[in-house]
Amino acid sequence: MGIEGIGARVLRKEDKRFITGAGRYTDDHKVAGMHYAAFVRSPHAYAKIKKINIKAASKMSGVAGIFNGKELTGDGIGNIICGWMVHSKDGSPMNMGAWSALATEYVRYVGDAVAVVIAETLEEAQAAAEAVEVDYKVLKAVVSAEDAMDPKAPQLHPEAKNNIIYDWEIGEEDATDAAFAKAANVVEIDIRNNRLVPNPMEPRSALVQYDAAEDHFTLHTTSQNPHVARLVLSAFYQVAPENKLRVIAPDVGGGFGAKIYIYPEEIVCLWAAKKAGVAAVKWTASRSDAFLTDAHGRDHVSKAKMAFDKNNKITGFKIETLANLGAYMSLFSSSVPTYLYATLLSGQYNIPNIHCNVKTVYTNTVPVDAYRGAGRPEATYLVERMMTTAARELGVDPAELRRKNFVQQFPHQTPVIMCYDAGDFGASLDAAMAEIKYDSFEKRRKKSAKNGMLRGIGMSCYIEACGIAPSAAVGSLGAGVGLWESAEVRVNPVGTVEILTGSHSHGQGHETTFAQLVTDRFGLPNENVQIVHGDTDKVQFGMGTYGSRSGAVGMSAIEKALDKVEAKAKKIAAHMLEAAEGDIEIKNGEVMVKGTDKKLGWHEVCLGAYTGHNLPEGMEPGLKEGAFYDPTNFTFPAGCYICEVEVDPNTGVTTIEKFVAADDFGKIINPMIVEGQVHGGLAQGIGQAMMENAVYDDDGQLLSASYMDYTMPRADDLPSFNVSTTETLCPGNPLGIKGCGEAGAIGSPPAVINAITDAIGHNNLTMPASPQNVWAAINDGGMSEAAE
Amino acid sequence: MYETNYHRAKDAADAAKKLRSSDDGMYLSGGMTLLPTMKQRLAAPSDLVDLTHIKDMNKISVTRKDVVIGATATHAEVASHAKLMKVCPSLCALASHIGDPHVRNRGTIGGSIANNDPAADYPSAMMALGATIITNKRKMKAEKFFTGMFDTALAEDEFVKAVSFTAPKRGAYSKFPNPASRYAMAGVYVADHGKGDVRVGVTGASQNGVYRAKDMEKALSKSFDAAALEGCNVDEGDMLSDIHGSSAYRANLVKVMAKRAVEAAAS
Ligand SMILES: Cc1cc2nc3c(=O)[nH]c(=O)nc-3n(C[C@H](O)[C@H](O)[C@H](O)COP(=O)(O)OP(=O)(O)OC[C@H]3O[C@@H](n4cnc5c(N)ncnc54)[C@H](O)[C@@H]3O)c2cc1C
């Protein structure tokens, strides 16, 4: 591996600029002639727009233009799309309502954009936006998914009767029912997966430059996938053809899914810059905008039951889930509660029969889409709370119940599409149990009890699907795009290397890890390798970063391109050294003939490639290769998390005493970065479990709309994590990588909640386990989750 | 933020004069509450009259047990004042847990009590310590000064110059922080002034802002012991209820925090 190759803890190259304030985020860019956009947003959750009066506003100083939704659609700007078609169980396509980047007739959530003001300064734009008078007819809103399905509920879109978007199923219902009919025991749970606000550190931002002479746009934006943004902006929204639109996602301060989507603001700024005749327009979200308009995550309610035979082997699993998708269908919203969720309901277990029904509905809340984990945390939470509840009800140890039902042989075809390729679930369970000293827990429980405290232990054995995804497979499931990745390796004449990748780094450390592949292969110092990403003018195409795909898919594309570079370099070297190609070896920055002292410096071979003075017959000069990599399967990171808590029964305050994570991520390129990803994921998962909660009131006003009311996890809320890894290689990609970006957020919530329910002695606890909810659970047996 | 005019007051008279001559002016101290509100365009004072450069108005003086704290003394200054620490450590401890270091280095005691946020910490201390609030016009007892959530007896151009009190024999503040904002969700300041004079100031929990828990005071004046609070009833009907805590939960917290404060003071 060498000190900077695969497996080395190389310090993150990008951190120098990030921690010295030298990062260049979208909002840091300033250009000549730059104007500012301010949006007029709906203060109502549901209303009809009667009139928009811009008379006073348009006369205000600095105003270059004020535009509304009718003008936008009139100019042919297309409606915002959902890129994944899901069919209901009766075969009908999902019922998608129209979403215009500026509302035309109705506003459907608080924050829905109604008009935009373009002005010379930010203050002028904001002042004029406030002076725009919108006359609304306020309508009764509906905010919870359960209420939305009531036939008497307000109807949000004419396309979706009773607000139902689709009524989908997976698995065999008859076979599952038959398993229940024969069951020795049936365990039931009601589960609510709380709604979350993604909260990347950097708020969304867009800077549009419009070159009127060339009719060309450049968009700097906070995107996890600039090429997808360009594709969608051009093909569906018709703001400009692809060759007239350059999209740059420069340094991006966190995404967590929320920056996958193309939001109204980018579309409107592109269109409005040209319409107002200005050279550039910038918009940056305030933190309040972020709370109100970034796509939220989760928000499921489920009822589930599991059937066991007399030996406590699982024979069936049946689930009904209701998912709130908000006011409009965001880009991948349809896939999250279906193909990213229900396909993982088998967990780490051998479950012969599974059936899941999912209904999704419109409500007067901000759209809900993928957020770190996307569907997989919801599945894991359901399965793992079920396993612990079952163990409690069946009177067996939760670890033993899990172990008894683990999948042992691979590949394993589940009844819900996924085929697990490799894993060793027992190994991570053993590692985690040993680390937390599971066997001596009861002693610690007694000790806490002496101090008047309730101690509990809980586990979660998660599995998830990453490396999305085989293009043909997702295509057959309704995806509008392929999910391969591309890479180009450019070797310069002096031997330094540039890697152009379609993956996008917004905190993941690609500039370091991707370079480690080159170091590992050619022995070049890490600093001789530059990673280029996030610019559609530089990188030919790419699908971007989400779903923990940059390692398994993005790096695999780089590996493929490196294979080609290596092959050509060897050919050139063999020719230069007058040796057989098969005898050439590249090591430590040198190119040598095996078993001899004949060698060349790597840079000499590279220079040779570019001078072209002495190349093999017919070979093109240069040393630059590209590759597209389309994965053959999903990858399946898995592991075991165990959490130990102490609860103060007087206040409900819960302290995590110890948290152990044993993950199997396959091959690890940089353990330090992987640990960082796990730590961050755990913080978000524990945040969901104990703190974070997006709450709307009955009128659709977001009550948790700032950090005064939305509890973000802070360093002092979290324990010092105890993380380790076990390794089974992923057979599906050249490096054996499974992915690690989301596991922490996926696996941890049930471990925490299972620990708290263990401490309080019953299962009736709503997530987040805030002090108030835990106190209520202790004192009045808690509120029923479904009834909350 | 809307446009505003900034003025730096030279002295107390100058401050009041500048405020009176403005259209819709406001006093500014640490700005930790006012500036965020202005940035969100929720407040739009025409003029800001900065009090923090008035000479000596941030002075803390301790003579035996008599304490005077100037209005512009920051939370950090209160938290770390050596003489105050000797006579009234519970107030230093309270100040040391307000917000974060940035807030403590800017925010002032005058700004805090003038704002009378129902979740702010200082008001409970003012009640329990029997403090006198000294303004540019008059002196009044804390109970007269705090008139309800975000409301005080201050007139338009009146501002807090200082607070004064006699340090209690013993005291303690116990705070249950709101998990999100970390303001008080229930904060109880217990001060034993001797001779059966025990005062209990409660913040964070009540719909009417800071209050004195008279029945707790009575129970504690008989026996300064956490067990004495067992029989006290905190009326749920008076408590705030929001996404962080129902009124029942807050009522429970008031009692738990009161007991913890008594335990801490007694130890
Ligand atoms: C992140 C954060 C966390 C916080 N956490 C807490 C907490 O845990 N507990 C807590 O108690 N507080 C907390 N605060 C509030 C903080 O203590 C403020 O500093 C305080 O409430 C206001 O003081 P200031 O000096 O900043 O006042 P300013 O913001 O300058 O003024 C506040 C108001 O008081 C008026 N005013 C200011 N000075 C005077 C005066 N001398 N006389 C009359 N009127 C005056 C102003 O006109 C304004 O209306 C927090 C604040 C922040 C930003």
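Chain letters run A, B, ... following the sequence lines, proteins first and then strands; every chain starts at 1.
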### Engaged part of B/Arg41 at the chain A interface, taking heavy atoms whose separation is under 4.5 Å
side chain
### Task
Please report the shortest heavy-atom distance between B/Thr72 and B/Ser29, naming the atom on each side.
CG2-OG, 4.4 Å
### Query
Between A/Gln126, A/Arg287, A/Met691, which shows the greatest number of heavy-atom pairs under 4.5 Å with chain B?
A/Gln126
### Task
Can you tell which part of A/Ser288 gets under 4.5 Å to a heavy atom of chain B, answering side chain, backbone, both or neither?
side chain
### Query
Side chains of A/Ser61 and A/Glu124: do they bring a donor and an acceptor to under 3.5 Å?
yes
### Query
At a heavy-atom separation under 4.5 Å, does B/Met257 approach chain A through its side chain, its backbone, both, or neither?
side chain
### A/Tyr696 versus A/Asn364, side-chain donor and acceptor atoms under 3.5 Å
no
#### Entry: Flag for A/Ser448-A/Arg455: side-chain donor and acceptor within less than 3.5 Å
yes
### Query
Would you call A/Asp717-B/Arg182 a salt bridge at under 4.0 Å N-O?
yes
### Message
Strictly below 4.0 Å, N to O, side chains only: are A/Asp294 and A/Arg204 in salt-bridge contact?
### Response
yes
### Query
For B/Glu3, is it the side chain, the backbone, both, or neither that has a heavy atom closer than 4.5 Å to a heavy atom of chain A?
neither
### Query
Using non-hydrogen atoms only, which part of A/Glu692 is less than 4.5 Å away from chain B: side chain, backbone, both, or neither?
neither
### Task
With a 4.5 angstrom heavy-atom cut-off, could you sort out which part of B/Asp242 is near chain A: side chain, backbone, both or neither?
backbone
### Query
Between A/Val695, A/Thr651, A/Asp697, which shows the greatest number of heavy-atom pairs under 4.5 Å with chain B?
A/Thr651
### Residue pair B/Met216 / B/Val254, side-chain heavy-atom distance below 4.5 Å
yes
### Message
Given heavy-atom pairs under 4.5 angstrom as the criterion, report whether the side chain, backbone, both or neither of A/Met708 touches chain B.
### Response
both
### Under 4.5 Å from any heavy atom of chain A - which part of B/Ile243
both
